[in-house]
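First comes the structure, then the notes that go with it.
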Amino acid sequence: MGVVKFRVAICGGGIGGLAHACALAKFPDISVNIYESASKFSPFGAGIGLWPRAWNVLCALGLDEEMAKITSASPMDGTAHSFSFRKSDQSNGFTFGNMFSRGPMLTFHRAQFQQVLAQHVSPSCRIHHSKRLKSYSQDRYGGPIHLSFEDGTHGICDVLVGCDGIKSVVRNCLLREQAEIARDNGHLKDERDLLACTDYVSWVGSVAYRALIPVERLKEDCDKGLLVLPTTPTMYVGTNVHLIIYPVSQGKTVNLALFHLQPELQDMPYRGPWSKEVDEAELFNITRFESWEPQVKRWLKYVRRPTKWAIHRVKPLPTFISGNVVLLGDAAHACSPHQGTGAGQAIEDAYFLAELLGHSRTTLETLPRALQIYDNIRRPWTQETSAKSNANSRYFMLHYDDFDFRNADAAAVTAKLHELTDLIIADWKWCWTTTVGDSLKAAIQQLEGYNL
Ligand SMILES: Cc1cc2nc3c(=O)[nH]c(=O)nc-3n(C[C@H](O)[C@H](O)[C@H](O)COP(=O)(O)OP(=O)(O)OC[C@H]3O[C@@H](n4cnc5c(N)ncnc54)[C@H](O)[C@@H]3O)c2cc1C
């Protein structure tokens, strides 16, 4: 490595952290260390979907060829049938909507996806496993950032990128730091608001049960015509419960996620671990699936030891930056997964930030400008898209317009479902009608427009 302009520490080697390291790989004058709390990269979860907007970022990072080998759809550019919506909490379920997008939602096995990212970080990037960040400290007027880890060791960097997920330690330190600054400047209301932010993660009142089902196990039911393997992601919707099914691992595996909402529990504290393996029998106690369309029960029959996730979100933060510390991905804006965009937004943040950090105008002295531009552009954008995803978490559970989907007559239900489909699609379109490139161009112009 030649002359180093500054040292970046990435806290967290999940999708966001690894994508950021991949995006920084093209800037040899930035040294990169990743600190990951787990002893190895071991993604927890099942499948993930990526929309064209995020896919375009993977293309810009040169990862498309490798990623195309492990996805289940073809990343083509034309019109794709990206979702089917079925009303399923009745014996004669029916398709009430179809969503078409420009380019498909590409689906991946999460472990394979993360493995490709890990293989593409620069060889000069140092990865430290079993390093759980406890806190950081930085001088208010600049200088290096000191990192303290749970194992008693320390590290140092010039920029700390908090990619440590929804329970982010970096976020909590950053908000406390900003509260102290507000207090010292006499802004007591801001101080109170910022301190309240340290409690800014809330449970949305729903849990997800996720499982991967090898296709060979489904063969008998498929041969008898009792189950049809999904080529298009399918959403089976009912009041307070919905199921999503799509293929991953090039069609060798089916990803299943069952969501259960208890609206009265929204924003209440969630008791128990946020994710854990449970017995499949728990699924059948959620609702009376006997009254649902038969294929839903059939899918559930194949689930073994699902992972149960309590779905939490980060409420809109007043800032993603403090000094030379910056948040990205779930640490900054975790949302409910009902547009399949959390990982995609983490990847966009990662790329966007790397392009600003790597720009020739960004030096140790001008770092705060680059970070301010990131915050000015990415924060409002991700908070708006998170709000859309959070809204879907209610729509897919048939909470819309105070309409009584259980008791209204069939014609009224169908009309309302069509209205709902239009709304869902209108809110989802940004995933394939917009690109991160436009906002990045504006960001670079701002960076270059600064007078040195
Ligand atoms: C049920 C469900 C389904 C989803 N489906 C989709 C989907 O289809 N499409 C999509 O785009 N998104 C989806 N998401 C969202 C997606 O999983 C997240 O948005 C994404 O993983 C965020 O990446 P991240 O790197 O910011 O955080 P994470 O993936 O949480 O990674 C954080 C990393 O930081 C490490 N870490 C944590 N604390 C510390 C510490 N103190 N020190 C060091 N390391 C630390 C962790 O071990 C982890 O490796 C889904 C989420 C859920 C719950």
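Counting starts at 1 for both ligands and their atoms, following the listed order. Remember, predicted model here, so these are calculated numbers, not experimental data.
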What protein heavy atom sits nearest [atom], and how far off is it?
{"atom": "atom 25 (O) of ligand 1", "value": "Gly16 N, 2.8 Å"}
{"atom": "atom 26 (O) of ligand 1", "value": "Asp330 N, 2.9 Å"}
{"atom": "atom 6 (C) of ligand 1", "value": "Ile48 CG2, 4.0 Å"}
{"atom": "atom 47 (O) of ligand 1", "value": "Glu36 OE2, 2.6 Å"}
{"atom": "atom 37 (C) of ligand 1", "value": "Asp164 O, 3.3 Å"}
{"atom": "atom 34 (O) of ligand 1", "value": "Gly12 CA, 3.3 Å"}
{"atom": "atom 31 (O) of ligand 1", "value": "Gly14 CA, 3.5 Å"}
{"atom": "atom 44 (N) of ligand 1", "value": "Ser37 N, 3.1 Å"}

Looking only at non-hydrogen atoms, which of Pro337, Cys11, Cys335 approaches atom 52 (C) of ligand 1 most closely?
Pro337
Which atoms of ligand 1 are found less than 4.0 Å from any heavy atom of [X]?
{"X": "Lys131", "value": "42 (N), 43 (C)"}
{"X": "Gly344", "value": "11 (O)"}
{"X": "Gly329", "value": "26 (O)"}
{"X": "Cys163", "value": "32 (C), 33 (C), 34 (O)"}
{"X": "Arg110", "value": "14 (N), 16 (C), 17 (O), 21 (O), 50 (C)"}
{"X": "Tyr35", "value": "43 (C), 44 (N)"}
{"X": "Gly165", "value": "27 (O), 30 (O), 32 (C)"}

With only distance considered, is [X] within less than 3.5 Å of ligand 1 through an N or O on each side?
{"X": "Ile166", "result": "no"}
{"X": "Gly49", "result": "yes"}
{"X": "Ile15", "result": "yes"}
{"X": "Leu133", "result": "yes"}
{"X": "Ala343", "result": "yes"}
{"X": "Gly342", "result": "yes"}

I'd like to know whether CD of Glu264 has more than 12 heavy-atom contacts from other residues, nucleotides or ligands below 6.0 angstrom.
yes
Atom NZ of Lys301: over 12 foreign heavy atoms under 6.0 Å:
yes
Using the ring-ring contact (aromatic ring centres under 6.0 Å, His included) rule, take Phe83 and Trp428 through it: C-alpha gap first, then chi angles, then the decisive distance, then the call.
CA-CA 11 Å; Phe83 255 107; Trp428 217 331; 5.3 Å; yes
Contacts under 3.5 angstrom, residues 320-328 side chains, donor-acceptor by atom type, not counting sequence neighbours:
| unit_1 | atom_1 | unit_2 | atom_2 | d |
| --- | --- | --- | --- | --- |
| Ser322 | OG | Glu177 | OE1 | 2.6 |
| Ser322 | OG | Gln178 | NE2 | 2.8 |

Is a salt bridge present between Asp427 and Lys388, judged by a nitrogen-to-oxygen distance below 4.0 Å?
no
Pair Glu355 + Lys26: basic N to acidic O under 4.0 Å
yes
Do the side-chain N and O atoms of [X] and [Y] include a donor-acceptor pair separated by under 3.5 angstrom?
{"X": "Asp349", "Y": "Gln345", "result": "no"}
{"X": "Lys131", "Y": "Thr153", "result": "yes"}
{"X": "Glu293", "Y": "Tyr236", "result": "no"}

Using a 4.0 Å heavy-atom cut-off, say whether [X] meets ligand 1 through its side chain, its backbone, both or neither.
{"X": "Thr341", "value": "backbone"}
{"X": "Val169", "value": "side chain"}
{"X": "Arg210", "value": "side chain"}

Between Asp221 and Leu227 (side chain of the first, backbone of the second, donor and acceptor by atom type, cut-off under 3.5 Å), is there such a pair?
no
Is it true that a side-chain atom of Asp375 and a backbone atom of Thr319 form a donor plus acceptor pair closer than 3.5 Å?
no
Over all heavy atoms of both residues, which pair between Val161 and Leu353 is shortest? Give the atoms and the distance, please.
CG1-CD2, 3.9 Å
Looking only at heavy atoms, which two atoms of Ala208 and Ile311 are closest? And how far apart?
CB-CD1, 3.9 Å
According to side-chain hydrogen bond (donor to acceptor under 3.5 Å, both in side chains), does anything in residues 429-438 pair up with another residue at least two apart or in another chain? List the pairs.
Arg53-Thr434, Gln339-Trp430
Ring centres under 6.0 angstrom apart (Phe259, His338):
yes
